[in-house]
Amino acid sequence: MAKGTFPEDHPYFAGVLDMAGHRVVWDLLAAADLILTAGFDPVELISPWSVSTPVVHLDTTPNTDQVYASAHELVGHVGALLRWVTAQWSGQPRWSEAEVAAHRSRLRAAWLAGRTEGKLNPSDVVLAARLAAPPDTIVTTDVGSHKIMAGQVWQAREPRSVLMTNGLSAMGFGVPAAIAAKLTRPDRPVMALVGDGGFAMTATEMRIAAALDLPITVVVFTDNSLNRIELRQQLMGYPPTATRMGGSDLADLAEAMGCDGVRVDAAPALERALADFGPRSRASSGSRPLVIEARIDPAQYEAQF
Ligand SMILES: Cc1ncc(C[n+]2csc(CCOP(=O)(O)OP(=O)(O)O)c2C)c(N)n1
Ligand SMILES: [Mg+2]
């Protein structure tokens with residue numbers, strides 16, 4: 001949830017833990033001399049902590065979760081502690097910038113794994129959205145497989161520019177969070193990346209966004225599935241049970257609520273739908289919220305978790 005605190009275009013940025021391509025990030029941690037968990041809350045983990053690399057716990061609270069052992073703890077203001085550690089440290093970087101860049105290439109290959117050429121894949125949607133979004137965009141996500149993809153693929157450059165609920169992970173967060181973000185920061189473009197399940201729970205909020213003239217854009221990862229749960233059923237050898245849905249016309253639903261609605265099932269059409277995202281999201285009046293029903297092929301998710 002601190003995504004963006006460390007700029008993701010920095011040469012020493014190594015990725016987000018436990019999002020798409022997660023094994024590559026764990027491998028890096030396994031090969032490190034030391035892990036500093038600065039403000040890290042293990043509630044956000046999906047995988048068990050499996051690396052034996054020593055950890056220095058560095059947070060506003062002691063290491064009471066005990067998800068990892070930490071012989072030494074620094075408890076206090078995280079920024080001040082990091083400045084102190086930096087001032088004390090003398091040594092040589094363990095990895096060169098080129099080695100970290102090679103790691104990022106491996107990570108990219110891992111989250112691209114499972115793409116099908118010619119289909120609209122989940123990572124294609126996140127990449128197209130990022131490309132269309134001005135640097136000061138605030139993005140929100142909902143909860144599900146699309147969050148695990150967006151959490152890695154969306155490149156964040158500043159703090160508080162990505163709003164997600166991770167750990168508690170309550171579906172239904174993405175749309176109202178986008179409305180709240182736009183009300184709070186009308187000067188910033190706002191986009192929501194949500195699943196079709198989470199959108200079904202909150203779709204009528206779009207009527208409020210329209211009534212308030214809020215030019216937010218909601219991209220719905222439409223896979224006709226509660227995909228994150230369907231994949232777990234599959235992993236346990238069960239047939240899809242109460243996880244398939246669909247048949248809703250989300251673009252028409254949006255229009256009926258005073259929003260613009262567009263349906264796309266290929267990357268070029270998605271790029272066209274997002275082409276005027278910048279100017280649209282800054283218009284002060286007369287613009288309507290936009291709902292993009294992105295009909296994706298969810299097969300790529302199977303390669304991720
Ligand atoms: C309020 C709530 N109910 C149930 C869950 C459990 N849950 C986690 S992900 C998920 C499926 C989400 O489906 P969708 O919104 O379509 O996203 P997708 O996984 O398909 O990307 C469910 C039911 C939850 N996190 N929050
Ligand atoms: Mg879905």
Side-chain angles (χ1 to χ4, degrees), residues 1 3 16 18-22 41 43-47 111-116 119-130 139-154 162-180 191-206 216-236 238-251 253-254 261 263-265 270 291-305:
M1 290 194 290
K3 194 172 161 64
V16 179
D18 265 9
M19 293 284 162
H22 67 305
D41 188 338
V43 75
E44 292 200 61
L45 288 178
I46 300 176
S47 320
W111 56 252
L112 281 171
R115 266 189 88 256
T116 317
K119 297 270 173 95
L120 185 58
N121 302 278
S123 65
D124 303 343
V125 178
V126 184
L127 286 175
R130 188 65 195 102
V139 71
T140 74
T141 76
D142 211 73
V143 174
S145 298
H146 66 283
K147 178 185 79 178
I148 287 167
M149 190 58 78
Q152 195 70 273
V153 178
W154 181 277
V162 180
L163 305 177
M164 64 163 66
T165 166
N166 206 23
L168 179 62
S169 291
M171 285 167 71
F173 171 84
V175 170
I179 292 174
M191 185 188 289
L193 304 177
V194 306
D196 45 0
F199 188 70
M201 294 164 73
T202 52
T204 51
E205 302 296 323
M206 294 309 297
I216 59 170
T217 292
V218 177
V219 181
V220 187
F221 289 61
T222 309
D223 51 14
N224 298 329
S225 166
L226 300 170
N227 182 270
R228 178 90 183 115
I229 306 301
E230 188 183 339
L231 284 184
R232 295 186 72 110
Q233 290 173 336
Q234 189 178 310
L235 213 65
M236 297 170 80
Y238 295 123
T241 306
T243 43
R244 291 273 173 88
M245 51 188 193
S248 301
D249 192 327
L250 303 182
L253 179 66
R263 183 175 314 113
V264 299
D265 59 7
L270 175 63
V291 174
I292 301 177
E293 176 185 342
R295 300 206 156 205
I296 57 160
D297 179 345
Q300 186 189 13
Y301 291 139
E302 287 176 44
Q304 299 305 324
F305 265 92

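Everything quoted here is computed from the prediction, not taken from an experiment. Just follow the structure's listing: the first ligand is 1, and inside any ligand the first atom is 1.
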For this session: Just do the side chain to side chain contact (heavy atoms under 4.5 Å, CB included) check on M149 and Q300 with the steps written out, would you?
Result: CA-CA 10 Å; M149 190 58 78; Q300 186 189 13; 3.8 Å; yes

For this session: Go through the steps to decide whether T165 and K147 satisfy the test side chain to side chain contact (heavy atoms under 4.5 Å, CB included), and finish with yes or no.
Result: CA-CA 9 Å; T165 166; K147 178 185 79 178; over 6 Å; no

Exercise. What do the steps show when you test M171 against T202 for side chain to side chain contact (heavy atoms under 4.5 Å, CB included), and what is the final call?
Worked result: CA-CA 9 Å; M171 285 167 71; T202 52; over 6 Å; no

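Scanning all protein heavy atoms for the shortest distance to atom 17 (O) of ligand 1 gives H146 ND1, 3.5 Å. Counting only heavy atoms of the protein, atom 12 (C) of ligand 1 lies nearest to V143 O, 3.5 Å. Ranking protein heavy atoms by distance to atom 11 (C) of ligand 1, first place goes to L226 CB, 3.7 Å. The protein atom (non-hydrogen) at minimum distance from atom 19 (O) of ligand 1 is S145 N, 2.8 Å.
Taken from CZ in R295 to CG in L250, the straight-line distance is 7.5 Å, to the nearest 0.5 Å. The distance from atom CG of L270 to atom CD1 of I296, rounded to the nearest 0.5 Å, is 11.0 Å.
Contact analysis puts D196 in contact with ligand 1, with a non-hydrogen atom separation below 4.0 angstrom.
Contact annotation for S169 and ligand 1: only backbone heavy atoms (N, CA, C, O) come within less than 4.0 Å of the ligand. Looking at D223 against ligand 1, only its side chain comes within 4.0 Å, counting heavy atoms. Of all the heavy atoms of P298, none lies under 4.0 Å from any atom of ligand 1, so neither backbone nor side chain is involved. Residue contacts with ligand 1, taken as heavy atom pairs separated by less than 4.0 Å, involve I229 solely via side-chain atoms from C-beta onward.
Of all the heavy atoms in G261 and A254, the pair that sits closest is CA-CB, 4.1 Å.
Rounded to 10°, the angle that OD1 of D196 and OD1 of D223 form at the Mg ion (ligand 2) is 90°.
At least one N or O atom of G198, backbone or side chain, sits closer than 3.5 Å to an N or O atom of ligand 1. Between N227 and ligand 1, a contact under 3.5 Å exists for at least one N or O pair.
Formation of a donor-acceptor pair under 3.5 Å by the N166 side chain with backbone atoms of M1 is not found in this model.
The one candidate from W154, Y301, F221 that meets the ring pair (Phe, Tyr, Trp, His ring centres under 6.0 Å) condition with H146 is F221. A side chain to side chain contact (heavy atoms under 4.5 Å, CB included) with E230 holds for exactly one of S145, S225, P239; it is S225.
Side-chain contact of S47 with D18: a donor-acceptor pair under 3.5 Å is present, judged by distance alone.
For ligand 1, the atoms lying closer than 4.0 Å to a non-hydrogen atom of G197 are 14 (P), 15 (O), 16 (O).
The Mg ion (ligand 2) has an N, O or S atom of S225 under 2.8 Å away, backbone or side chain.
The closest non-hydrogen atom to atom 4 (C) of ligand 1, taken over M171, R232, E230, comes from M171.
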